[in-house]
A.B. asks: 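Sharing a structure, written as structure tokens. Questions coming.
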Number of protein chains: 2
Amino acid sequence: MGVTKSKLFSPAQNELAELAKALAHPARIAILQHLLKARACINGDLVLETGLAQPTISQHLRALKALNLIQGTVEGVSMSYCINPGRWQEVRALFNGFFDAYTPLPGADDCC
Amino acid sequence: MGVTKSKLFSPAQNELAELAKALAHPARIAILQHLLKARACINGDLVLETGLAQPTISQHLRALKALNLIQGTVEGVSMSYCINPGRWQEVRALFNGFFDAYTPLPGADDCC
DNA sequence: TTTATTCATTGCAATATTACGATGAATAAA
DNA sequence: TTTATTCATCGTAATATTGCAATGAATAAA
């Protein structure tokens, strides 16, 4: 029914899924990569950068801001967005923890 | 229009987004964590584990299998799934590369 | 004041996702 | 053969996402 039954899962599982959802669109990946490279970037550049319409970019920025992955300040007429450094490390650690849960058994084809 | 304009983005951006999408649901996070812990697991266990209906689990497993994150073999009457070790490392490296693109500038509040 | 620029919000249409019941296929057990 | 078990697929309904045009708010420039 298009409804995800969050109550069946742990807060950690729901949080990781929500963060993954924020990364689950190439436009948002592109926006983040641009912010990572440029250290800061006004909204208008992103419209040129991605080829998407301005309202669409604005919507993706809002999604990223909702999870605190980015932050923005007014820069004259423009809006300047950038990565939220602390949150970025936090999220990186969450994903690392998830992926590192797998450790191959030494010298064994442990799998089907 | 509910359609993501993949052509506007690089193959790497699209691939990372697609992988993130696979992780963008707590049920799939839970399934993967269970497979990581149990090393292997029959389908029926996952139904009990998650509290979701069997067709729903089957659908999530198919999504994970489509990206090669998991693999399955017939185990008598049951189906045994497990992590695809090589692919897991590959995906881990992709996410690491993405997150590591951020390096805080030494001794500078470089951000807005 | 008027106009231009920049970004956010709203409203709509198209598509995708989530979930489940019903059904099908395949094997094992009686 | 008949029945039970296990998983996949199909069909469905409900909800979410994506994208844009239109519009609004705010500031700067003329």
Side-chain angles (χ1 to χ4, degrees), chain A residues 1-9 13-14 17-31 34-35 40-67 70-82 112, chain B residues 1-9 13-14 17-31 34-35 40-67 70-82 112:
Chain A
M1 307 170 183
V3 126
T4 121
K5 306 184 133 189
S6 318
K7 283 174 195 160
L8 292 177
F9 308 101
Q13 288 168 336
N14 283 314
E18 215 169 351
L19 286 167
K21 208 165 171 181
L23 304 181
H25 196 285
R28 291 193 290 271
I29 295 287
I31 288 172
H34 193 65
L35 293 181
C41 170
I42 64 169
N43 191 323
D45 289 356
L46 293 170
V47 177
L48 298 178
E49 187 80 12
T50 59
L52 292 173
Q54 180 268 325
T56 305
I57 297 290
S58 192
Q59 206 170 346
H60 286 305
L61 286 170
R62 184 166 58 167
L64 294 172
K65 204 160 49 176
L67 289 177
I70 65 173
Q71 53 198 203
T73 51
V74 179
E75 192 81 31
V77 192
S78 308
M79 202 62 197
S80 184
Y81 284 101
C82 67
C112 45
Chain B
M1 308 169 184
V3 124
T4 121
K5 305 184 132 191
S6 317
K7 284 172 193 164
L8 292 178
F9 308 102
Q13 288 169 335
N14 282 314
E18 215 169 350
L19 286 167
K21 208 166 174 182
L23 304 180
H25 196 285
R28 290 192 291 271
I29 296 286
I31 288 172
H34 192 66
L35 293 182
C41 170
I42 65 168
N43 191 325
D45 289 355
L46 292 170
V47 176
L48 297 178
E49 186 80 13
T50 59
L52 292 172
Q54 179 267 324
T56 305
I57 297 291
S58 192
Q59 206 169 345
H60 286 305
L61 286 171
R62 185 168 55 166
L64 294 173
K65 205 160 48 175
L67 289 176
I70 65 173
Q71 54 198 201
T73 52
V74 180
E75 192 81 30
V77 192
S78 308
M79 202 60 198
S80 183
Y81 286 99
C82 66
C112 44

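Proteins get letters first, then strands, A, B, ... in listed order; numbering begins at 1 in each. Keep in mind that the numbers below use all heavy atoms, side chains included, and drop hydrogens, waters and symmetry copies. These numbers come from a predicted model, not from an experiment.
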A.B. asks: Closer than 4.0 Å, any side-chain N/O of B:Asn43 to the OP1 or OP2 of D:dT5?
C.D. replies: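 For D:dT5, neither OP1 nor OP2 has a side-chain N or O of B:Asn43 closer than 4.0 Å.
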A.B. asks: On DNA chain C, does the nearest nucleotide to A:Gly44 precede the nearest nucleotide to A:Ser6 from the 5' side, or the other way round? Give the residue.
C.D. replies: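 Looking at the nearest nucleotide for each, A:Gly44 comes out on the 5' side.
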A.B. asks: Indicate, with a heavy-atom threshold strictly under 4.0 Å, whether B:Val77 touches base, sugar-phosphate, or nothing.
C.D. replies: base
A.B. asks: With side chain to side chain contact (heavy atoms under 4.5 Å, CB included) as the test, would you mind laying out the steps for B:Leu61 and B:Leu46 before giving the verdict?
C.D. replies: CA-CA 10 Å; B:Leu61 286 171; B:Leu46 292 170; 4.0 Å; yes
A.B. asks: Using a cut-off of strictly less than 4.0 Å, decide whether B:Lys21 has a side-chain nitrogen or oxygen near OP1 or OP2 of C:dT17.
C.D. replies: yes
A.B. asks: Test side chain to side chain contact (heavy atoms under 4.5 Å, CB included) on A:Leu8 and B:Thr50 and set out the steps.
C.D. replies: CA-CA 7 Å; A:Leu8 292 177; B:Thr50 59; 5.9 Å; no
A.B. asks: Can you name the nearest heavy-atom pair linking B:His60 to B:Ile31, along with the distance?
C.D. replies: CB-CD1, 3.8 Å
A.B. asks: Rounding to a whole Å, what distance do you find between B:Glu18:CD and C:dT17:C1'?
C.D. replies: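 That distance rounds to 14 Å.
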A.B. asks: Dump the pairs, protein N or O against N or O of nucleotides 20-22 of chain C, anything under 3.5 Å, distances to one decimal.
C.D. replies:
unit_1, atom_1, unit_2, atom_2, d
C:dC20, OP1, A:Lys5, NZ, 2.9
C:dC20, OP2, B:Ala53, N, 3.0
C:dC20, OP2, B:Thr56, OG1, 2.9

A.B. asks: So B:Thr4, base contact, sugar-phosphate only, or nothing? Heavy-atom distance under 4.0 Å.
C.D. replies: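 The answer is sugar-phosphate, as B:Thr4 gets under 4.0 Å only of primed atoms, P, OP1 or OP2.
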A.B. asks: Given C:dA19, D:dT17, C:dT9, identify the nucleotide with an atom nearest to the side chain of A:Arg62.
C.D. replies: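 It is C:dT9.
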A.B. asks: Does any part of the side chain of B:Met79, heavy atoms only, come nearer than 4.5 Å to the side chain of B:Val74, both counted from C-beta?
C.D. replies: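 A side-chain contact exists here, since the closest heavy-atom pair is under 4.5 Å.
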A.B. asks: Name the closest nucleotide to the B:Arg28 side chain, picking from D:dT9, C:dT18, C:dC7.
C.D. replies: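 Ranking D:dT9, C:dT18, C:dC7 by closest atom to the B:Arg28 side chain puts C:dT18 first.
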A.B. asks: Taking the nucleotide of DNA chain D with the nearest heavy atom to each, does A:Ala24 or A:Val3 sit closer to the 5' end?
C.D. replies: A:Val3
A.B. asks: To the nearest angstrom, how far is A:Leu23 atom CG from D:dT18 atom C1'?
C.D. replies: 17 Å
A.B. asks: What integer distance in Å separates A:Leu61:CG from C:dC7:P?
C.D. replies: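 Distance, rounded to whole Å: 10 Å.
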A.B. asks: Is the shortest heavy-atom distance from the side chain of A:Thr4 to the side chain of B:Pro26 under 4.5 Å?
C.D. replies: yes
A.B. asks: Given pairs defined as Watson-Crick or G-U wobble with both distances under 3.5 Å, what dot-bracket annotation applies to DNA chain D, with ( ) intrastrand, [ ] crossing, | other strand and . unpaired?
C.D. replies: ||||||||||||||||||||||||||||||
A.B. asks: Between B:Arg28 (side chain only) and B:Lys21 (backbone N and O only), is there a donor and an acceptor less than 3.5 Å apart?
C.D. replies: yes
A.B. asks: Once you measure the plane-to-plane angle for B:His25 and A:Phe9, does it fall in the parallel (<30°), tilted (30-60°) or perpendicular (>60°) bin?
C.D. replies: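 Rings of B:His25 and A:Phe9: perpendicular, as their planes differ by over 60°.
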A.B. asks: Can you tell me how far CG of B:Leu64 sits from CG of B:Leu23, rounded to the nearest 0.5 angstrom?
C.D. replies: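 B:Leu23 CG to B:Leu64 CG: 8.0 Å, rounded to 0.5 Å.
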A.B. asks: Can you tell which of D:dT6, D:dT18, C:dC7 lies closest to the side chain of B:Ser78?
C.D. replies: D:dT6
A.B. asks: Can you measure A:Asp45 atom CG to C:dT6 atom C1' for me and round it to whole angstrom units?
C.D. replies: 12 Å
A.B. asks: Using the side-chain heavy atoms of B:Tyr81, tell me which of these nucleotides is nearest: D:dA8, C:dA19, C:dT9.
C.D. replies: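 Taking heavy atoms from C-beta onward, the closest nucleotide is D:dA8.
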A.B. asks: Without decimals, in angstroms, what is the distance between A:Glu75 CD and C:dT5 C1'?
C.D. replies: 15 Å
A.B. asks: Between C:dT9 atom C1' and A:Ile57 atom CD1, what is the distance in whole Å?
C.D. replies: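 Going from CD1 in A:Ile57 over to C1' in C:dT9 covers 16 Å.
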A.B. asks: Considering only side-chain heavy atoms of B:Ile42, which listed nucleotide, D:dC7, C:dT17, C:dC7, is closest?
C.D. replies: D:dC7
A.B. asks: What's the NE2-C1' distance between A:His60 and D:dA16, to the nearest Å?
C.D. replies: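 Whole-Å distance recorded here is 14 Å.
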A.B. asks: If every non-hydrogen atom of B:Tyr81 is compared with every non-hydrogen atom of B:Leu35, which pair is closest and at what distance?
C.D. replies: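 Heavy-atom minimum between the residues: O-CD2, 3.5 Å.
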A.B. asks: Side chain of B:Met79: nearest nucleotide among C:dT17, C:dT6, D:dC7?
C.D. replies: D:dC7
A.B. asks: For A:Val47 and A:Leu52, what are the C-alpha separation, side-chain angles and deciding distance, and is it a side chain to side chain contact (heavy atoms under 4.5 Å, CB included)?
C.D. replies: CA-CA 6 Å; A:Val47 177; A:Leu52 292 173; over 6 Å; no
A.B. asks: Tell me: CG of A:Leu64 to C1' of C:dC7, nearest whole Å?
C.D. replies: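 It is 16 Å, rounded to the nearest whole Å.
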